[in-house]
There are 4 protein chains.
Amino acid sequence: MPKRAAVDKREAILAAALDLFSARAFDATPMPLIAERAGVGAGTIYRHFVSKEALGNAVFRDSKLALQRGLLERRRGGETPRQEFAAMWQGLWEFFQESPAAFRFLETHSHATYLDAASRATSDAVFVSITDFVRRGQAAGAIRLAPPAVLIALAFGAFIGLVKESDAGRFSLTAAVVTQAEALAWDMLRAR
Amino acid sequence: MPKRAAVDKREAILAAALDLFSARAFDATPMPLIAERAGVGAGTIYRHFVSKEALGNAVFRDSKLALQRGLLERRRGGETPRQEFAAMWQGLWEFFQESPAAFRFLETHSHATYLDAASRATSDAVFVSITDFVRRGQAAGAIRLAPPAVLIALAFGAFIGLVKESDAGRFSLTAAVVTQAEALAWDMLRAR
Amino acid sequence: MPKRAAVDKREAILAAALDLFSARAFDATPMPLIAERAGVGAGTIYRHFVSKEALGNAVFRDSKLALQRGLLERRRGGETPRQEFAAMWQGLWEFFQESPAAFRFLETHSHATYLDAASRATSDAVFVSITDFVRRGQAAGAIRLAPPAVLIALAFGAFIGLVKESDAGRFSLTAAVVTQAEALAWDMLRAR
Amino acid sequence: MPKRAAVDKREAILAAALDLFSARAFDATPMPLIAERAGVGAGTIYRHFVSKEALGNAVFRDSKLALQRGLLERRRGGETPRQEFAAMWQGLWEFFQESPAAFRFLETHSHATYLDAASRATSDAVFVSITDFVRRGQAAGAIRLAPPAVLIALAFGAFIGLVKESDAGRFSLTAAVVTQAEALAWDMLRAR
DNA sequence: CATGAATGAGAATTCATTCAT
DNA sequence: AATGAATGAATTCTCATTCAT
């Protein structure tokens with residue numbers, strides 16, 4: 001088992017990298033800056049990650065898993081598809097509030113050339129878990145009969161659009177806005 | 001008026017830069033590579049753009065204006081909001097088909113740190129012209145009464161989600177998919 | 001055809017690298033030091049050689065070919081094996097006098113891990129040209145009947161030993177010493 | 001007197017360093033790799049050697065002394081110069097067989113910039129002990145009247161040439177080859 | 001004594017930009 | 001105007017050495 005201090009440094013490095021990668025581009029972020037932000041020596045990063053790319057992938061996977069947790073943790077079981085969708089939308093919103101850097105990082109780096117197979121597999125796993133929800137909703141007659149991937153792309157894209165445009169200063173992303181948006185997004189998905 | 005040859009080189013540089021910036025990150029794209037792709041000398045780029053950042057901004061503005069043209073050019077006048085929305089959605093789709101590089105570039109670089117005031121102003125102008133459409137639709141009772149910026153964020157985000165997930169290989173972005181998606185997106189916006 | 005200036009810089013870099021690599025180890029020689037010695041910018045080296053290893057190989061091949069020229073150029077044709085050996089020994093001596101750095105570099109780096117196939121091929125070609133001499137001498141009954149490679153190893157090794165020990169300060173390598181040594185070396189090779 | 005364990009670690013470090021230094025260059029051999037190979041912590045090396053250079057010098061001196069032992073231990077006393085030379089040549093061969101790494105290390109690092117006065121003194125001592133043999137041989141009329149240092153350089157160089165060229169794959173260094181070579185080398189030295 | 005995590009100076013290499021041609 | 005060779009600052013990464021445990 002790794003020492004406490006080592007784990008702390010690793011966490012500090014990941015946190016600093018996430019902060020920086022979400023604010024500037026990956027390629028525009030020098031390793032020494034990450035080290036400084038994390039409060040460690042530049043060489044220390046390489047004791048935990050074999051390369052900058054490996055660090056980028058670790059940040060990506062951590063963020064993706066955090067998103068998955070946020071997305072799924074509010075579901076209770078035994079909910080209607082309508083309720084489940086609301087829970088996921090709220091979960092996304094809470095994830096964004098808890099770690100906006102992670103949310104923005106995922107959105108900006110989803111097609112980054114440095115992502116490796118493991119990172120892509122993590123992305124896929126998250127996607128599959130949502131696909132499952134859509135299929136159940138369709139089977140129950142609550143969600144429209146369109147390819148699940150397309151429905152997810154539209155709904156997820158809508159949420160991301162919300163964050164991006166609020167970042168651009170077009171409006172302020174309040175709980176009220178998010179809740180209203182959820183109702184609209186559900187109108188896009190629900191069977192009629 | 002600039003000479004024909006000079007204009008051609010400028011265009012070649014912009015096209016090469018767009019190609020490259022949409023495939024790799026801005027900071028991961030060397031100027032000499034852009035020059036080579038454009039068929040000009042590295043120094044020549046600096047006769048047309050004062051810096052790499054200036055080139056990035058020019059590419060951004062050109063792409064944004066092309067998107068605006070695509071978005072608006074199919075509208076005829078005298079259409080219902082429903083028809084106008086369909087026209088804009090189709091316009092977006094045509095813009096994507098004509099220059100997927102420009103579409104992807106805009107999506108990935110919308111928050112780039114190198115964007116200057118003029119670029120942001122161009123973005124805003126595009127946004128405003130869509131806002132206008134939403135307001136008219138709301139006045140006509142065809143579009144829901146929510147902040148226009150939020151509705152645009154949701155609908156535009158949904159379209160971008162479509163492109164991103166199809167890029168990720170989750171499905172193939174055919175005309176049929178796009179048309180079906182348009183109906184769903186309209187269901188998100190329309191008043192009821 | 002490359003420009004004159006470019007060729008000059010390339011030569012300057014090769015000369016500086018040879019100087020430095022023969023005085024210190026390859027791995028102990030920083031590229032900026034080579035650049036400084038050559039009077040060029042550090043980046044310039046990379047316009048002529050793709051890597052430090054490539055530079056090392058170029059220096060090696062150049063030196064090896066210079067050694068080959070020195071070794072063979074004093075031969076006239078129609079000489080006895082005895083005369084030919086003397087010519088080669090003198091050629092080696094002249095090569096050493098003209099470019100002691102090249103001589104020492106070859107000796108110290110003959111097994112360097114960075115040497116590539118082309119460099120090894122150059123080494124082999126030189127070896128073969130000497131092997132040919134030995135075979136002819138053996139056919140003429142002038143040189144002992146031992147494996148040519150072994151004879152070459154002994155004679156060449158003897159010459160290198162001379163240089164190394166004189167470098168170590170055990171004696172001064174004068175023309176007289178070299179000539180006397182040649183007679184002894186021949187006594188090692190000649191048939192009896 | 002140092003503890004047994006400490007001596008063992010010191011020996012392990014020296015052995016690991018010798019192995020590594022003979023296969024790769026001194027400057028291309030990381031201390032942590034030596035530590036790992038020796039089965040000790042990286043810091044432990046510094047309890048036995050003040051620096052990497054000091055370690056390199058210790059390896060050099062150990063190897064040089066081992067060579068000296070190999071060179072001289074087969075001499076019995078009361079031999080003819082001819083027999084003594086054969087004994088030394090065989091000793092060299094046995095030393096090479098017992099520790100080829102030490103042999104190669106000495107050969108490659110004889111001019112290393114990090115060698116200190118003590119290392120050079122050790123080299124000199126070995127040289128002197130051979131010089132003594134040459135002088136006696138000359139006094140007895142068995143060895144040519146040339147500067148002993150020159151004769152040693154030639155003979156020793158010849159042996160090294162044998163090893164280098166066999167390493168280069170030109171032939172296989174068998175006992176038969178070594179014995180034949182000894183006869184030739186003696187022909188180079190013997191008075192006539 | 002021994003360890004090995006941590007460090008930061010220094011290594012190789014890249015690339016935006018300049019300027020002589 | 002156009003070029004592309006040249007530059008050197010900045011980047012990623014390595015490793016000798018230290019020191020808290």
Side-chain angles (χ1 to χ4, degrees), chain A residues 2-10 13 27-36 38-55, chain B residues 2-3 5-6 9 27-36 39-55, chain C residues 2-10 13 27-36 38-55, chain D residues 2-3 5-6 9 27-36 39-55:
Chain A
K3 296 278 176 56
R4 198 71 177 87
V7 172
D8 288 351
K9 298 220 163 180
R10 193 192 146 90
I13 292 164
D27 292 290
T29 310
M31 292 294 263
L33 185 60
I34 299 172
E36 192 191 5
V40 303
T44 303
I45 297 181
Y46 291 88
R47 297 193 56 74
H48 295 275
F49 305 95
V50 296
S51 67
K52 190 182 180 184
E53 296 215 342
L55 172 59
Chain B
K3 296 276 180 54
K9 296 215 165 180
D27 292 287
T29 308
M31 291 291 265
L33 183 60
I34 299 172
E36 191 193 0
V40 303
T44 304
I45 298 182
Y46 289 85
R47 308 210 140 267
H48 296 276
F49 306 95
V50 297
S51 68
K52 190 182 182 184
E53 296 214 343
L55 172 58
Chain C
K3 297 276 177 57
R4 197 70 176 87
V7 171
D8 288 351
K9 298 221 164 179
R10 193 191 147 91
I13 292 163
D27 293 289
T29 310
M31 292 293 262
L33 185 60
I34 300 173
E36 191 190 7
V40 303
T44 303
I45 298 180
Y46 291 88
R47 296 194 55 74
H48 295 276
F49 305 94
V50 295
S51 67
K52 189 181 182 184
E53 295 214 343
L55 172 59
Chain D
K3 296 277 178 56
K9 296 214 165 179
D27 292 286
T29 308
M31 291 291 266
L33 183 60
I34 298 173
E36 190 193 1
V40 302
T44 304
I45 298 182
Y46 289 85
R47 310 212 138 266
H48 295 277
F49 306 94
V50 298
S51 67
K52 189 182 182 184
E53 296 215 343
L55 172 58

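Worth saying up front: this structure is predicted, and the values here are computed from it rather than measured. Only heavy atoms go into these numbers, but all of them, side chains included; no hydrogens, no water, no symmetry mates.
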Discussion item. Going by side-chain contact (heavy atoms from CB on, under 4.5 Å), name the residues that satisfy it together with D:Pro30, two or more places apart in sequence or in a different chain.
Written reply: D:Arg24, D:Pro32, D:Leu33
Worksheet item: Residues two or more places apart in sequence or in another chain: which of them pass side-chain contact (heavy atoms from CB on, under 4.5 Å) with B:Ala35?
Response: B:Val40, B:Ala42, B:Ile45
Worksheet item: Can you tell me how far the OG1 atom of A:Thr44 sits from the CE atom of A:Met31, to the nearest 0.5 Å?
Response: 11.0 Å
Item to complete: Using the closest heavy atom to pick a nucleotide of DNA chain E for each, name whichever of D:Ile45 or A:Val40 lands nearer the 5' end.
Response: D:Ile45
Worksheet item: So, for C:Ile13 and C:Ile34, which heavy atoms are closest and what is the spacing to 0.1 Å?
Response: O-CG2, 4.1 Å
Worksheet entry | Minimum heavy-atom distance between D:Lys52 and D:Thr29, given as atom pair plus value | NZ-O, 2.7 Å
Using atom [atom1] of [X] as one end and atom [atom2] of [N] as the other, report the distance to the nearest whole Å.
X       : N      : atom1 : atom2 : answer
A:Leu55 : F:dT11 : CG    : C1'   : 15 Å
C:Arg10 : F:dA5  : CZ    : P     : 14 Å
B:Glu36 : F:dA5  : CD    : C1'   : 15 Å
A:His48 : E:dA5  : NE2   : C1'   : 8 Å
C:Lys9  : F:dG8  : NZ    : C1'   : 13 Å

Discussion item. One character per nucleotide, please: for nucleotides 13-21 of chain E, 5' to 3', B when the base has a protein heavy atom closer than 4.0 Å, S when only the sugar-phosphate does, - otherwise.
Written reply: BBSSBB---
Worksheet item: Pairs counted as Watson-Crick or G-U wobble with both distances under 3.5 Å: what dot-bracket string results for DNA chain E, using | for bases tied to another strand?
Response: .||||||||||||||||||||
